[in-house]
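Shown next, in structure tokens, is the structure this report addresses.
Sequence lines set the chain letters: A, B, ... in the order given, protein chains first and strands last, and positions in each chain run from 1.
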Protein chains: 2
Amino acid sequence: MNVKVNHSARETILATARRVAQAHGYGGLNFRDIAEEVGIKAASVYYHFPSKADLGAAVAQRYWQDTKEELEGLSLAGDASAALRRYPDIFRRSLENSNSLCLCSFMSAEYDDLPDSVKSEIQVFSDVNVAWLGKELDAAGVVPREKSVKRARAIFAAISGAQLMARSRSDIALFDALISSYREAGLVPA
Amino acid sequence: MNVKVNHSARETILATARRVAQAHGYGGLNFRDIAEEVGIKAASVYYHFPSKADLGAAVAQRYWQDTKEELEGLSLAGDASAALRRYPDIFRRSLENSNSLCLCSFMSAEYDDLPDSVKSEIQVFSDVNVAWLGKELDAAGVVPREKSVKRARAIFAAISGAQLMARSRSDIALFDALISSYREAGLVPA
DNA sequence: ACCTGAACACCGTTCAAGT
DNA sequence: ACCTGAACACCGTTCAAGT
């Protein structure tokens, strides 16, 4: 696996903005704070991203691209059942990481206040997740083929909700209990 | 049923703030816009609510109180199975109402930026929902008694997630499909 | 190519002062 | 009791100027 570490200011801005957005949302993103963390001035951020909408869209795009790569890695690491079993861990890791929320969930809440370019990038995020889940559900054969996309959406929504509820209590054990309950009920493959 | 219409400025502020918070979150609450809608000046709002934290906490408290009343009404209207069947409609109605999100979901996303007083009120909201669901699940006998609270939490989290995903697409049919999928999978009583 | 100081318009919030 | 003008701090953005 080729891990690329990029030290350019643009990449540092992107990484910082992503962290901020997962904790405070698009509305909580502000160029002055990001600039301070990166070690440049707010006005300099505009050299790399001409507007807040551009920064937000770039962050959201990178977010789904990274997730897509991670999901592809999951697929390669084992069979479909194993991949599905490990899927919730992606959401768990956000919580482990300073009680962070999925960027897509936060921005879904902020839907009314999002520029169109940001909206469409976060929709790609859920599309990527649903497509991956549908494919793995098909491969695992746990659900009739014609139901796999519908079930994929349900799993994505339910796990997003579990992460949101766990965040509101800063309680990772609650997240685990919710996933376990989804499995017991038969929504999520065990 | 005694419907009380209250015309005091305080009540009008509360109702306006609730609507704004369900669309734009706690961060999106702003005294100038609320004041304009109410017909007073921004500074006057501070007479009724000494700080934004106080307004937020009052809105969140009223929100769970109203929901509690609505749930009690649901319990009285039929047996436990019927009540459980109609539970998702509460979340559906928010979407029908200008694609609004549950206040608790929005504020769970904003957790890091919430005053403690607001945090604790929105936690009461989920407590109220989980307690009601647990009670009805027990009465309906759809799940072993010792699992009813765990299942109640799972249902609440999953339905919250469905509402969030549907909002991000402005698509009520998606909400319906998700709930239907939860029922097919056996998570939510059909 | 990349960065900055300084400024602009705007907004959330505060508070002393009004009636 | 209820409201307001005026001020403050902050934020997104611009731009001429620096290296």
Side-chain angles (χ1 to χ4, degrees), chain A residues 5-60 103 106-107 109-119 121, chain B residues 6-60 103 106-107 109-119:
Chain A
V5 179
N6 197 321
H7 294 285
S8 73
R10 192 176 194 281
E11 288 299 318
T12 312
I13 291 166
L14 228 34
T16 305
R18 172 181 159 162
R19 190 164 26 76
V20 172
Q22 282 188 249
H24 309 287
Y26 180 78
L29 266 184
N30 82 78
F31 280 45
R32 277 195 173 87
D33 290 348
I34 291 170
E36 193 176 8
E37 281 201 55
V38 173
I40 56 180
K41 297 295 166 185
S44 309
V45 178
Y46 283 87
Y47 173 75
H48 300 281
F49 300 97
S51 74
K52 183 172 172 175
D54 288 297
L55 175 59
V59 167
L103 186 66
F106 213 137
M107 289 188 165
E110 292 176 298
Y111 183 79
D112 284 356
D113 302 312
L114 252 33
D116 286 342
S117 56
V118 179
K119 267 184 199 152
E121 293 299 341
Chain B
N6 197 321
H7 293 286
S8 72
R10 192 177 195 280
E11 288 298 319
T12 312
I13 292 165
L14 227 34
T16 305
R18 172 182 160 162
R19 189 163 29 75
V20 173
Q22 283 189 248
H24 309 286
Y26 180 78
L29 265 184
N30 82 78
F31 281 42
R32 270 202 179 93
D33 289 349
I34 291 170
E36 194 175 6
E37 281 202 56
V38 174
I40 55 180
K41 297 293 166 186
S44 309
V45 179
Y46 285 86
Y47 172 75
H48 300 282
F49 301 95
S51 73
K52 185 172 171 174
D54 288 296
L55 175 60
V59 166
L103 186 66
F106 213 137
M107 289 187 165
E110 293 176 297
Y111 183 79
D112 284 355
D113 302 312
L114 252 30
D116 287 342
S117 57
V118 179
K119 267 182 199 152

Rounded distance in Å - [atom1] ([X]) to [atom2] ([N]):
{"X": "B/E11", "N": "D/dC2", "atom1": "CD", "atom2": "P", "value": "13 Å"}
{"X": "A/E36", "N": "C/dG5", "atom1": "CD", "atom2": "P", "value": "13 Å"}
{"X": "A/F49", "N": "C/dC2", "atom1": "CZ", "atom2": "P", "value": "12 Å"}
{"X": "A/Y46", "N": "C/dA6", "atom1": "OH", "atom2": "P", "value": "19 Å"}
{"X": "A/D113", "N": "D/dG12", "atom1": "CG", "atom2": "P", "value": "14 Å"}
{"X": "A/R10", "N": "C/dC3", "atom1": "CZ", "atom2": "C1'", "value": "17 Å"}
{"X": "B/I40", "N": "C/dT13", "atom1": "CD1", "atom2": "P", "value": "15 Å"}
{"X": "B/R32", "N": "C/dC10", "atom1": "CZ", "atom2": "P", "value": "11 Å"}

Can you check whether [X] has a side-chain N or O nearer than 4.0 Å to OP1 or OP2 of [N]?
{"X": "A/K41", "N": "C/dC3", "value": "no"}
{"X": "B/H48", "N": "D/dA1", "value": "no"}
{"X": "A/S44", "N": "C/dT4", "value": "yes"}
{"X": "B/Y47", "N": "D/dC2", "value": "yes"}
{"X": "B/N30", "N": "C/dC11", "value": "no"}

Assign each of A/A43 and B/L29 to its nearest nucleotide of DNA chain C by heavy atoms, then name whichever residue's nucleotide is nearer the 5' end.
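Here A/A43 is the residue nearer the 5' end.
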
Side-chain heavy-atom pair [X], [Y] within 4.5 angstrom cut-off:
{"X": "A/V38", "Y": "A/V45", "answer": "no"}
{"X": "A/V20", "Y": "A/E37", "answer": "yes"}
{"X": "B/Y26", "Y": "B/V59", "answer": "no"}

Ignoring hydrogens and angles, tell me if any N or O in the side chain of A/E110 forms a donor-acceptor pair with the backbone of A/G25 under 3.5 Å.
no

Identify which nucleotide among D/dC11, C/dG12, D/dT13 has an atom closest to any side-chain atom of A/S51, counting heavy atoms from C-beta outward.
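Of the options given, the side chain of A/S51 lies nearest D/dT13.
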
A/F31 ring centre to A/K52 NZ or CZ under 6.0 Å, with the angle to the axis within 45°?
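Judged by the rule (NZ or CZ under 6.0 Å from the ring centre, within 45° of its axis), A/K52 is not positioned above A/F31.
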
D/dT4: pairing nucleotide in any strand, Watson-Crick or G-U under 3.5 angstrom
C/dA16

Residue matched to D/dA9 through Watson-Crick or wobble contacts both under 3.5 angstrom
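Answer to the pairing question: none, since D/dA9 forms no Watson-Crick or G-U pair.
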
